Amino acid sequence: MASTQEAGSFIAEYDRRFAALSELAAALQVPPDDAADLIHDVLTSSLLGRHISDIDTWLAGALTSAITHRRSAS
Amino acid sequence: VKKFRDLLDQRRVREFADTGRRLVLERAEAPRIVGALLQNTARADWPGLSELSELQTAGALEYLGNHFSEFLTKDAAHAKAIADLAVAAAEAMPDTAYPAIVIGQLRAHAWKDLGKALRFLGKNEEAVASFTTAERCLEIGGGTLAHDRAIVRFNLAMSLQETNRFAESRRVLAESKQVFREHGDPKNATLCTFSEGVLLQRMKRFREAREVYLLLLAASPDLEQESRAATHHAIGFCSIELGDFEDADVNLSWSMKLFRELGQPVSVLKAQAGRGRLLIRSGHPARGIELFRDIRRSFLSRGLHEEAGLCGLEIVEGLLVIGHASQAETLARKLVREFTVAGLNTRAITALGYLSEAITAKEAKPSLAVQVREYIVSLRTNPERDFRTPLQS
């Protein structure tokens, strides 16, 4: 678990990634309230806590996995 | 799409930004603060350090995690002391110190590291318990921590193998691999595949194991050279068991070539040992014995007594194949002395003693030497396993 991001870049990265994942969530027809929380959780678990080499694929995988999990749980 | 962002409670966004800022500071300070604490405190007193607020930070835990990784293969007891400290600090940390997801990750990875240390120390039941606790820490976030969970469960699968829960281990490996693939993590997915092959070999399902390894090579053109060498090595050993000696020879040759290029002479010797076994099994025991004697000398000259002893057992097998029981007995007794002088696991020495006595009593078949060798190898990961004689097993 390591990341070398500068302080100011966290939120910029967050905003940029949030927009990209919103496109994916919309394509997967996730209800808006759910989508906002899921995307936030995915970004929190990755941008703050983990070193991930291929972050684009990772984020898409994490969001898709979380959506699948939520749908199977409901 | 923009409205998703507007629907989010803005306090959560502020919490994210604040946490990000804190992490940058903590990561910058951890090497100085945590490094000094570890250096200036006797290892026996480390548990008390977990009470310090300086250690109850994400930066400090990340530092401990990196420090742990440096020591795991060099000194597992030291690595365990680091992991014990990380677990204590992570558990002592207030639940509100970071967003709940980050707290879950920090605690889970601390428990996961402790499980890995326990596995390296051969305490596999305790390792399983640690991985199970790690998994429980990740039961938040509605599926967003699937990748963290897969990392924990991959490690769990390794320990399940050591406790003979093979079917469960295989199922967990397959599930973890799927998660790694979905997250674009080919390195860990490849590790799962390789581990599945190793598991099948342990179950003596050599044909299936070889299929798994062959598929791995075919599906992973970017496989690192070391992994490629290890895979050819494993295919070679499977092919020997399947009596496919030509294929074994080709794969062991590839393995030796790749390990030689990597500058790993011990791995080259281990692949050569495969060729020695191939010669004995394919009807050329005298040549196999000769090759094993050379390899054994090389291991002894490097102080690798256990590897040398395993080669000795391959020679004992060969000598029993050609009916030279008295030479086999002499060598088996020599191995007992070597293992005793080197201070190796007393259970290994007991098993070697049993083999010597069986040869003396003219009751030893080549398969007994194989059984003792496999038992000694299993002690590396399961040092308290009992030896079962052919009558018991």
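Letters go in sequence order (proteins before strands), and every chain restarts at 1. Atom set for the values below is all heavy atoms of this structure, side chains included, hydrogens, waters and symmetry mates excluded. All values reported here derive from a predicted model rather than from experimental measurement.
For B/L8, the parts lying near chain A are the backbone and the side chain together; criterion is any non-hydrogen pair under 4.5 Å. Residue B/V179 does not touch chain A at all, counting heavy-atom pairs closer than 4.5 Å. Residue A/A62 touches chain B through both its backbone and its side chain, counting heavy-atom pairs closer than 4.5 Å.
B/Q178 pairs by the side chain to side chain donor-acceptor pair (under 3.5 Å) definition with B/E182, not counting sequence neighbours. Every residue was checked against the side chain to side chain donor-acceptor pair (under 3.5 Å) condition with B/R228, not counting sequence neighbours, and none meets it.
Comparing A/I39, A/D15, A/L59 by how many heavy-atom pairs each has under 4.5 Å with chain B, the most go to A/D15. Counting heavy-atom pairs closer than 4.5 Å to chain B, the top-ranked of the candidates A/I67, A/T64, A/L38, A/D37 is A/D37. For the options A/D41, A/V42, A/T57, heavy-atom pairs under 4.5 Å to chain B are most numerous at A/D41.
Using bins of under 30°, 30° to 60° and over 60° for the plane-to-plane angle, the ring pair A/Y14/A/F18 lands in the tilted bin.
B/W111 and B/E91 share a side-chain donor-acceptor pair at under 3.5 Å.
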Kindly indicate, with the supporting measurements, whether the criterion side chain to side chain contact (heavy atoms under 4.5 Å, CB included) is fulfilled by B/E224 and B/L262.
CA-CA 11 Å; B/E224 287 172 12; B/L262 286 164; over 6 Å; no

